[in-house]
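In what follows, every chain begins at residue 1, and chains take the letters A, B, ... in the order their sequences are listed.
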Number of protein chains: 2
Amino acid sequence: MSECKVDLALEAIVGKWKHKILFQMINNDKMRFNELKRSIPNITQKMLTSQLRELEYHDLIERKVYAQIPPKVEYSLSEHGKSLIPILHQMSEWGEKHVEHIDSIYEEVDEQA
Amino acid sequence: MSECKVDLALEAIVGKWKHKILFQMINNDKMRFNELKRSIPNITQKMLTSQLRELEYHDLIERKVYAQIPPKVEYSLSEHGKSLIPILHQMSEWGEKHVEHIDSIYEEVDEQA
DNA sequence: CTGTATCCGTGATGATACTG
DNA sequence: CAGTATCATCACGGATACAG
């Protein structure tokens, strides 16, 4: 197991927005730009664009442009991108357990008002 | 699968240094502060300290202080931290495949001088 | 609709010096 | 040895305006 390769895996999915984009793509086969934008609260056009470009560069997603007016662009997971799904799932599960664990440590006993 | 939980998992391992620290801990049962510092190139004391504190806060590592002069502090993976190992492994494997895949796409055909 | 371009504030990171 | 404290920097991300 070489530690430096984790950097590369992380690069692919971190960045505050990337995994959110990926999750949308997992749940929806094809998504258009504004559809993605609407589905991800608070993301700006700039961020969505740049993150999509990076995901595309890493061949995690595919970008299909329809030559028409008004423009239409569809994004979808690439085959390579789909290989990330198990990891995303595992991280999601671990994250869930993690919250519970943390909650049980830093008990919120001040819920009653 | 809830997407927001991934945030929490990611929080635990990203940050440019955290996963490197975790990997050191995986490979060495107990590590002292300077030992960690030496094993992670270019990390500053400040960064190492802050990242260790965060890992400790999330109960991924344990910090054992020996009351002696000179000071001695040992860091080790907590039980909860060990539950991250499979994910780190998976990410490492995926990272490896990912590099190969990317290389095959952006072919380096300019290796001959 | 799907972007680019620009400007700007903030937080994360780094360098360095100091401390118990 | 194992940190803290302080200052400087710089990329990241946000807001806004513009464009094909």
- Task: Considering only NZ, NE, NH1 and NH2 on the basic side and carboxylate oxygens on the acidic side, decide whether Glu100(B) and Lys97(B) come within less than 4.0 Å.
- Result: no
- Does Thr49(B) use its side chain to pair, donor to acceptor, with the backbone of Gln45(B) at less than 3.5 Å? yes
- Query: Which nucleotide span of DNA chain D, 5' end to 3' end, has atoms closer than 4.0 Å to non-hydrogen atoms of chain B?
  - Reply: dC1(D) to dC7(D)
- In degrees rounded to 10°, what angle is found between the helical axes fit to the five outermost pairs at each end of the helix from dC1(C)-dG20(D) to dG20(C)-dC1(D)? 50°
- So what does Tyr66(A) hit on the nucleic acid, given a heavy-atom distance under 4.0 Å: a base, only sugar-phosphate, or nothing? nothing
- Lys18(A) side-chain N/O to Glu11(A) backbone N/O, donor-acceptor pair under 3.5 Å: yes
- Residue whose closest nucleotide on DNA chain C lies nearer the 5' end, Asn42(B) versus Gln45(A): Gln45(A)
- What are the two closest heavy atoms between Gly81(A) and Ser78(A), and how far apart are they? N-OG, 2.9 Å
- Lys16(B)/Asp7(A) salt bridge by N-O under 4.0 Å criterion: no
- Message: Both Pro71(A) and Val65(B) contact DNA chain D. Which one's nearest nucleotide lies toward the 5' end?
- Response: Val65(B)
- Message: Quick one: does any side-chain atom of Glu35(A) pair with a main-chain N or O of Arg32(A) as donor and acceptor, under 3.5 Å?
- Response: yes
- Same apolar cluster: Ile40(B) and Leu55(B), side chain cutoff 4.5 Å: yes
- The first and last nucleotides of DNA chain C lying within contact of chain B, meaning any atom under 4.0 Å from one of its heavy atoms, run from dT13(C) to dG20(C)
- Any idea which heavy atoms bring Pro41(A) and Ser39(A) closest together, and the distance? CD-O, 3.4 Å
- Item | Contact residues, residues 30-37 of chain B to DNA chain D [heavy atom, < 4.0 Å] | Arg32(B), Phe33(B), Asn34(B)
- Compare all side-chain heavy atoms of Asp29(A) with those of Leu77(A) and state whether any distance is below 4.5 angstrom. no
- Item | Least distance between heavy atoms, Val14(A) atom then Leu10(B) atom | CG1-CD2, 3.9 Å
- Trp94(B) vs His98(B) aromatic rings, parallel, tilted or perpendicular, using cut-offs 30° and 60°? parallel
- Message: Short of 4.0 Å, heavy atom to strand atom, which residues of residues 46-63 of chain A count as contacting DNA chain C?
- Response: Lys46(A), Thr49(A), Arg53(A), Arg63(A)
- Message: Closer than 3.5 angstrom, by distance alone: can the side chain of Lys37(A) be matched with the main-chain N or O of Ile43(A) as a donor-acceptor pair?
- Response: yes
- Message: To the closest 0.5 Å, what do you measure between CG (Asp103(A)) and CD (Glu107(A))?
- Response: 9.0 Å
Got a list of side-chain donor-acceptor pairs under 3.5 Å for residues 56-70 of chain A, not counting sequence neighbours?
residue: Asp59(A); atom: OD2; partner: His101(B); partner atom: NE2; Å: 2.5
residue: Arg63(A); atom: NE; partner: Tyr75(A); partner atom: OH; Å: 3.1
residue: Tyr66(A); atom: OH; partner: Glu74(A); partner atom: OE1; Å: 2.9

